[in-house]
Amino acid sequence: MHARDVVTFFGVVATSGRLRWSDTEVQSLARLRVPSDVLGPRAWLLQADATLAHARWFLASLVDTAPFEQDETLRLPHLAAQVRDAILEVDRHMPKDELLEVVEALSNIVWQEIEERRIRRRARMTQPTKDELWFASEPEPRCYLCGYKFTPAARDYFLGRSRVLPTVSLLVDFTRPRLKVRHLQIEIDHVQPVVDGGSNEIANLRLACGLCNIIKSRFGSIYDTYSWPVRHLRHPDLGWVTIPQPLWLLRVLSLRARCEYRDGCAATVETHEMFAAPWSVSGSLNPVNIKVCCSDHDPWASKRLIRPSLLA
Ligand SMILES: [Zn+2]
Ligand SMILES: [Zn+2]
């Protein structure tokens with residue numbers, strides 16, 4: 001660790017504490033570069049997701065996509081006209097060829113996202129599609145994001161062999177609690193952006209557990225959710241612990257998709273369920289401190305499962 005960089009950085013951050021609502025203090029924070037030690041082993045994820053969040057906010061500042069998602073009679077030219085007006089609002093004197101170029105590029109990007117959401121909304125998964133996906137994932141179908149192994153009850157319900165829903169277990173993982181029936185169910189997720197025609201084709205579909213699918217929904221960046229943890233839990237063995245934002249865990253679990261045990265481990269989401277544990281045991285689970293592990297290398301193996309009532 002470069003101690004001096006870290007101390008200098010936190011010197012500025014600390015003095016800004018009282019005045020974080022003053023614009024001069026915020027300006028000085030804005031000029032500060034975050035040392036790589038502060039970003040930690042997940043620097044790549046933190047920086048990539050910040051880039052995504054900034055890009056999305058910029059595009060959304062040009063045009064609100066809600067009307068386009070809801071009203072399918074609206075087409076790309078309507079969108080392009082709005083983007084053009086919004087850009088002219090910012091830069092009235094932009095040369096015509098540059099304006100055309102930027103309007104076309106940005107409209108196409110926004111349009112892809114709108115199309116993708118429209119297709120997702122229209123998608124109705126038929127039983128043959130479900131069967132095909134299930135059998136393609138044999139012998140041991142798991143959630144492709146977290147590695148959770150589906151229960152026989154969830155399988156039978158998914159395959160239409162039974163109308164009995166899976167039941168929630170008596171103990172749950174406090175970091176990713178499956179508290180509702182839907183969390184145990186099998187759902188179908190689109191892996192790749194579904195804009196290039198191949199939208200609902202099998203190659204683009206994966207089985208996901210309901211918990212991951214709900215958390216993933218339309219989020220793409222850790223900054224799409226709050227940067228604060230959810231709340232505190234009084235854990236029977238660990239004492240007071242912070243409950244992290246579900247999206248932080250899903251993002252790290254699904255991107256690493258393998259056990260990060262320091263001496264090496266072959267477990268991946270294809271063969272094992274992956275769990276979130278802290279790198280630094282005294283720290284809370286946040287995007288800097290989440291370690292992915294299999295059940296064999298889980299430092300919280302004996303502590304992870306708790307009664308759901310403790311989370312209430
Ligand atoms: Zn999952
Ligand atoms: Zn392992």
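Order of listing sets the numbers, starting from 1, for every ligand and every atom in it.
- Counted within 6.0 Å of CD on E89, heavy atoms from surrounding residues, nucleotides or ligands total 12 or fewer; the atom is thus considered open.
- Using a cutoff of 4.0 Å between basic side-chain nitrogens and carboxylate oxygens, R304 and E273 are not scored as salt-bridged.
- In this structure, a donor-acceptor pair under 3.5 Å is present between the side chains of D131 and Q127.
- Here the side chain of H183 pairs a donor or acceptor atom with the backbone of L179 at under 3.5 angstrom.
- A chain of hydrophobic side-chain contacts below 4.5 Å, direct or via other Ile, Leu, Val, Met, Phe, Trp or Tyr residues, connects V12 to M1.
- The count of protein N, O or S atoms under 2.8 Å from the Zn ion (ligand 2) stands at 4, with waters excluded from the count.
- Geometry at the Zn ion (ligand 1): SG/C146 and SG/C209 form an angle of 120°, nearest 10 degrees.
- Figure legend: R176 and Y148 shown without cation-pi pairing, the cationic atom not lying both under 6.0 angstrom from the six-membered ring centre and within 45 degrees of its axis.
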